[in-house]
Amino acid sequence: MSGKDLLLHACCAPCAEYPVFDLMERKIGTEVLYFNPNIHPKFEFERRGEQLVKLSEIDKFECHFSDDFRIDDWLAHKWEESYSSRCLMCYDIRMDYVAKYAKEAGFQRFSTTLLVSPYQNHEAIVASSERAAKKYGIEFMYNDWRPHFREGQNMAREHGLYRQKYCGCIFSLEESDFREKIVSSFPDGWEEQR
Ligand code: SF4
């Protein structure tokens with residue numbers, strides 16, 4: 001298959017390292033999409049996007065970006081309307097958009113770097129992806145990259161990429177053991193960044 005084969009959703013550059021490497025090894029034509037309205041605050045949202053640009057220049061892949069940023073959904077606990085947890089809403093928001101974007105842009109299939117993380121709810125990500133694939137009539141390409149998570153993180157270290165210490169939303173930041181260190185890395189503090 002050539003041309004617009006696979007659209008790979010990237011949650012961040014370090015998590016994209018191994019999946020991109022693997023897909024290139026398998027000669028699967030891949031373009032990458034950064035769509036992560038769950039990443040807060042705005043400084044962090046932009047910082048992770050910039051790291052993906054850096055990786056795209058190293059690995060030479062085409063990158064698509066969305067500037068959708070939805071802190072209000074999280075601050076308003078919007079998931080409580082229809083989900084048992086914020087992460088289920090988070091996966092659905094992202095996979096729905098990615099599947100729709102991939103279909104409209106003419107890709108054959110889509111996947112996500114979320115599948116590399118042993119810290120994410122793998123089964124819920126797969127379920128969200130399959131729902132979105134069915135909704136938009138596009139194939140979801142499943143890959144269990146979790147055994148290679150550390151390998152990917154080491155690749156990111158070698159490339160000098162920023163490796164964040166929280167998942168992305170404001171709640172995961174507040175829950176992080178590294179909260180103080182993270183907040184101190186924001187140029188204007190935390191409250192001002194919202
Ligand atoms: S912890 Fe991560 S997956 Fe869960 S809602 Fe926050 S950003 Fe999304």
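For the single chain, residues carry numbers from 1 onward in sequence order. When a ligand or atom number is given, it counts from 1 through the structure's own listing order. This one's a predicted model, so the numbers in the text were calculated from it and none came from an experiment.
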### Query
Which atoms of ligand 1 sit under 4.0 Å from any heavy atom of N38?
7 (S), 8 (Fe)
### Task
Using the six-membered ring wherever Trp is involved, compare the ring planes of Y18 and H148 and label them parallel, tilted or perpendicular (cut-offs 30° and 60°).
parallel
### Task
Please find out if less than 6.0 Å separates the ring center of Y101 from that of F110.
no
### Task
State the atoms of ligand 1, each with its element, that fall below the 4.0 Å cut-off from a heavy-atom position in W74.
5 (S)
### Query
Measuring to atom 2 (Fe) of ligand 1, does C90 have an N/O/S atom at a distance below 2.8 Å?
no
## Note on the structure
Judged by heavy atoms only, the candidate from M89, R94, R86 nearest atom 1 (S) of ligand 1 is R86
### Query
Can any side-chain N or O of S172 pair as donor or acceptor with the backbone N or O of Y166 at less than 3.5 Å?
no
### Query
At a 4.0 Å threshold, what atoms of ligand 1 neighbour a non-hydrogen atom of Q120?
3 (S)
### Query
Where is the nearest protein heavy atom to atom 4 (Fe) of ligand 1: which residue, which atom, and how far?
C87 SG, 2.3 Å
### Message
Distance alone, cut at 3.5 Å: any donor-acceptor contact between the side chains of D68 and Y97?
### Response
no
#### Entry: K134 and E130 ion-paired at < 4.0 Å
no
### Task
Please work out which of the three classes, parallel, tilted or perpendicular, describes the rings of F186 and F43, given edges at 30° and 60°.
perpendicular
### Query
So, is C169 placed with an N/O/S atom under 2.8 Å from atom 6 (Fe) of ligand 1, counting both backbone and side chain?
yes
### Summary
Near C167 (heavy-atom distance under 4.0 Å), the atoms of ligand 1 are 1 (S), 2 (Fe), 3 (S), 7 (S)
